[in-house]
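Following: one structure in structure tokens, then a few remarks.
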Amino acid sequence: QVQLVESGGGLVQAGGSLRLSCAASGRTVSNLAMGWFRQAPGKDRDFVARIVWRDGMAFYADAVKGRFTIIRDNAKNTVYLQMNSLKPEDTAVYYCASSISYNGPSNEGYEYWGQGTQVTVSS
């Protein structure tokens, strides 16, 4: 079992920054595929960013590329999502996800999920 707890969401003005945290327990994050997803009201849960197990290579959705950075801190067993230049369209509940066996951008491939943290970007 892997447990994930997100934190760091909140209200921010457009152009501002937030850093989300995903604290993992039950397994070392360096041996997990870790991803961030988001879901706006009435919308599907969309891929945001992911980091590959072991080598730590990162991948991003086009909508956030150049603005968001996924960071893995092995010492703290925590994965972060640094969000810069935030836009109102970034408003969503952000979820941390993890998989022991999957390595890709589909939310269907991740078996462990956090409870979500709300990010609201005002114009």
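If you read the sequence from its start, that first residue is 1, and numbering goes on from there. Side chains are part of it too, since the values below use all heavy atoms of this structure and drop only hydrogens, waters and symmetry mates.
Counting all heavy atoms, side chain and backbone alike, S30 lies closest to N74 at CB-OD1, 3.6 Å. Closest approach of A23 to T78, counting heavy atoms only: CA-OG1, 3.9 Å. The heavy-atom pair separating L81 from A49 by the smallest distance is CD1-CB, 4.1 Å. In terms of heavy-atom proximity, G109 sits nearest to S99 at O-OG, 3.4 Å.
The structure places CZ of R50 at 10.5 Å from OG of S106, a figure rounded to the nearest 0.5 Å. Rounding to the nearest 0.5 Å gives a distance of 13.0 Å between SG of C22 and CD1 of I71. Here the CD atom belonging to E111 is positioned 11.0 Å from the OH atom belonging to Y102, to the nearest 0.5 angstrom. With values rounded to the nearest 0.5 angstrom, S7 atom OG is found 8.5 Å from Q115 atom CD.
By the criterion of side-chain heavy atoms lying less than 4.5 angstrom apart, applied directly or through intervening Ile, Leu, Val, Met, Phe, Trp or Tyr residues, I51 is grouped together with V2 in one hydrophobic cluster. Y95 and I70 fall into different hydrophobic clusters, where Ile, Leu, Val, Met, Phe, Trp and Tyr are joined by side-chain heavy atoms under 4.5 Å apart, directly or via other members. There is a path of hydrophobic side-chain contacts, each under 4.5 Å, that joins V48 to L4. M34 and M83 fall within a single hydrophobic cluster, where Ile, Leu, Val, Met, Phe, Trp and Tyr side chains are chained together by heavy-atom contacts under 4.5 Å.
The side-chain contact (heavy atoms from CB on, under 4.5 Å) check on D55 picks up V52, M57, with sequence neighbours excluded. Listed by chain and residue number, D62 satisfy the salt bridge (charged side-chain N to carboxylate O under 4.0 Å, His left out) test with K65 (two or more places apart in sequence, or in another chain). Among residues two or more places apart in sequence or in another chain, the side-chain contact (heavy atoms from CB on, under 4.5 Å) test is passed with V12 by L18, L86, V121.
Remark: the backbone N or O of E89 is not paired with any side-chain donor or acceptor of T91 at under 3.5 angstrom. A donor-acceptor pair under 3.5 Å links the side-chain atoms of N107 to the main chain of R45, judged by distance alone. D90 places a side-chain N or O within 3.5 Å of a backbone atom of K87 that can act as its donor or acceptor partner. Under the 3.5 Å distance criterion, the side-chain polar atoms of D46 are left unmatched by any main-chain donor or acceptor of R38.
Around atom CD of Q118, more than 12 heavy atoms belonging to other residues, nucleotides or ligands sit under 6.0 Å away.
Between the side chains of S122 and Q13, no donor-acceptor pair is found at a separation under 3.5 Å.
Listed by first and then second residue, the ring pair (Phe, Tyr, Trp, His ring centres under 6.0 Å) pairs that reach into residues 2-23 come to none, sequence neighbours excluded. Each ring pair (Phe, Tyr, Trp, His ring centres under 6.0 Å) pair with one or both residues in residues 42-87, not counting sequence neighbours, appears once here: F37-F47. Counting only residues at least two apart or on different chains, the side chain to side chain donor-acceptor pair (under 3.5 Å) pairs with a member in residues 14-28 are S17-N84.
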(Q) The test is side-chain contact (heavy atoms from CB on, under 4.5 Å); show your working for L20 and V119 and say whether it passes. (A) CA-CA 9 Å; L20 307 183; V119 172; 3.9 Å; yes

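Among the candidates W113, W36, Y94, the single residue satisfying the side-chain contact (heavy atoms from CB on, under 4.5 Å) test with E6 is W36.
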